[in-house]
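By convention in this document, chain letters (A, B, ...) are assigned in the order of the sequence lines, proteins followed by strands, and residues within each chain are numbered from 1.
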Protein chains: 2
Amino acid sequence: MSHHHEIVEALQQIGYRLTPQRMMILDAIASGDGHTSAEEIHEAVRAAYPYLDISTVYRTLGLLKALHLVSETDLGSGHAQYELLSKGLHHHLICRECGGILDVDNSFLNPLRQAIDQEHDFHAEIEHLAIFGMCNACNANLRG
Amino acid sequence: MSHHHEIVEALQQIGYRLTPQRMMILDAIASGDGHTSAEEIHEAVRAAYPYLDISTVYRTLGLLKALHLVSETDLGSGHAQYELLSKGLHHHLICRECGGILDVDNSFLNPLRQAIDQEHDFHAEIEHLAIFGMCNACNANLRG
DNA sequence: TGTCAAGTGCAATTCTGTTGCAGAAACCAG
DNA sequence: CTGGTTTCTGCAACAGAATTGCACTTGACA
Ligand SMILES: [Mn+2]
Ligand SMILES: [Mn+2]
Ligand SMILES: [Zn+2]
Ligand SMILES: [Zn+2]
């Protein structure tokens with residue numbers, strides 16, 4: 001099922017310690033269906049291990065972010081949500097009217113990446129983009 | 001020089017009241033060179049009018065956001081920065097290494113917008129995007 | 001098994017942003 | 001110009017996500 005044990009072992013090889021907290025936090029992120037908040041991760045792990053502190057969650061997420069193993073994105077709630085990047089690169093369309101979230105294949109971003117690379121000599125790291133706007137249904141409804 | 005008086009009068013016509021606070025807040029945003037934080041706006045106006053409260057700044061910014069008159073973007077500092085959209089649509093490339101910020105013409109986003117529109121029937125409102133990555137100079141330095 | 005740097009829990013704190021409410025003031029009609 | 005209505009502001013308290021200092025614990029490695 002989830003192949004995040006590779007991630008854990010990769011962490012160890014870079015020099016980070018393999019603690020039960022880190023494994024449980026990774027478990028929690030991997031077992032959810034994406035877009036998990038720090039608080040949700042905290043609660044999920046606490047169900048089995050009540051001593052886990054929220055600061056450990058944030059510190060672990062910071063580590064995983066720095067290593068580009070998880071994405072951190074605000075999808076409209078006002079706080080960050082986390083998702084394993086190893087599940088496959090993708091992006092999202094979020095309707096400001098109904099709140100609906102659509103998935104966008106990563107390939108849609110390639111033309112933008114290439115243009116930026118060619119015209120600005122800049123390597124864009126677009127890992128998990130939240131694009132806001134209006135979905136078709138809502139757009140139609142607002143006319144009647 | 002700054003043409004934000006049009007904005008003020010437009011506000012009035014939609015039914016909003018023309019208060020000195022709103023005018024001073026708009027002045028502050030317009031006279032800065034873009035990317036102003038709520039706290040900076042607050043301090044700038046307070047220099048002339050010490051009674052202005054930060055909540056009034058946030059409420060005004062919320063109004064201007066809802067009317068798509070200002071953009072609200074986190075460019076890496078962790079808090080929101082505001083900029084008049086009437087100054088012309090553009091986006092930014094932000095280097096994670098050196099913190100440098102480049103400007104990107106809005107036309108770079110058109111292919112993405114069109115693809116999203118055609119494939120997902122979704123109207124993307126990309127008004128002021130912050131794209132993180134690595135600039136050419138930093139990329140070269142990291143090899144030596 | 002012992003050493004020690006890295007990591008954790010705890011509690012306090014920071015900081016951005018929000019909210020309820022009473023009084024002030026913009027707007028409009030007369 | 002005046003009075004009435006409604007929006008807006010200032011104030012103060014609050015919310016809640018995220019951070020930090022510090023003592024203690026523990027994973028890694030010899
Ligand atoms: Mn996602
Ligand atoms: Mn800008
Ligand atoms: Zn919708
Ligand atoms: Zn750079």
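If you measure from atom CG of B:Leu26 to atom P of D:dC8, you get 14 Å, rounded to the nearest angstrom. One can place CD of B:Glu9 at 17 Å from P of C:dA26, the figure rounded to the nearest angstrom. For the pair A:Leu11 CG and C:dG7 C1', the interatomic distance rounds to 13 Å; values are reported in whole Å. Atom-to-atom, CG of B:Leu61 to C1' of C:dG17 comes out at 11 Å; the value is rounded to the nearest Å. Rounded to an integer number of Å, the gap from CD of B:Glu40 to P of C:dG17 is 12 Å. Spacing between atom CZ of B:Arg22 and atom P of D:dT7 amounts to 11 Å, rounded to whole angstrom units. Atoms CG (B:Leu52) and C1' (C:dA24) sit 15 Å apart, rounded to a whole Å. Atom C1' of nucleotide D:dC29 and atom OH of A:Tyr16 are separated by 19 Å, given to the nearest angstrom.
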Checklist outcome for this item: Readout for nucleotides 15-27 of chain D: B = base within 4.0 Å of protein heavy atom, S = sugar-phosphate only, - = neither; 5' to 3' it is --SBBBB----BB
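The closest side-chain donor-acceptor pair between A:Asn106 and A:His91 falls under 3.5 angstrom.
Between B:His128 and B:His90, the distance from one ring center to the other falls under 6.0 angstrom.
Where A:Leu63 and A:Arg46 meet DNA chain C, the nucleotide closest to each residue was compared, and A:Leu63 sits on the side nearer the 5' end.
B:Asp103 CG to B:His92 NE2: the interatomic distance, rounded to the nearest 0.5 Å, is 5.0 Å. Distance check, rounded to the nearest 0.5 Å: CG of B:Asn136 to CG of A:Asp117 gives 8.5 Å. Atoms CG and CG, from A:Leu18 and A:Leu11 in turn, are 7.5 Å apart once rounded to the nearest 0.5 Å.
B:Leu142 is listed as a side-chain neighbour of B:Met134, based on a closest heavy-atom distance under 4.5 Å.
The two residues B:Ile54 and B:Ala38 have their closest heavy-atom pair at CD1-O, 3.8 Å.
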Next on the checklist: Using side chain to side chain contact (heavy atoms under 4.5 Å, CB included), reason through A:Ile25 and A:Leu52 one step at a time and then give a plain yes or no.
Outcome noted: CA-CA 10 Å; A:Ile25 288 169; A:Leu52 181 75; 4.3 Å; yes
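The environment of OH in B:Tyr16 is sparse: at most 12 heavy-atom neighbours from other residues, nucleotides or ligands sit within 6.0 Å.
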Item to check | Pairing string, 5' to 3', for DNA chain C - Watson-Crick or wobble contacts under 3.5 Å, brackets [ ] where pairs cross, | to another strand | outcome: ||||||||||||||||||||||||||||||
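Contact annotation: A:Tyr49 side-chain N/O to C:dG9 OP1/OP2 distance is under 4.0 Å.
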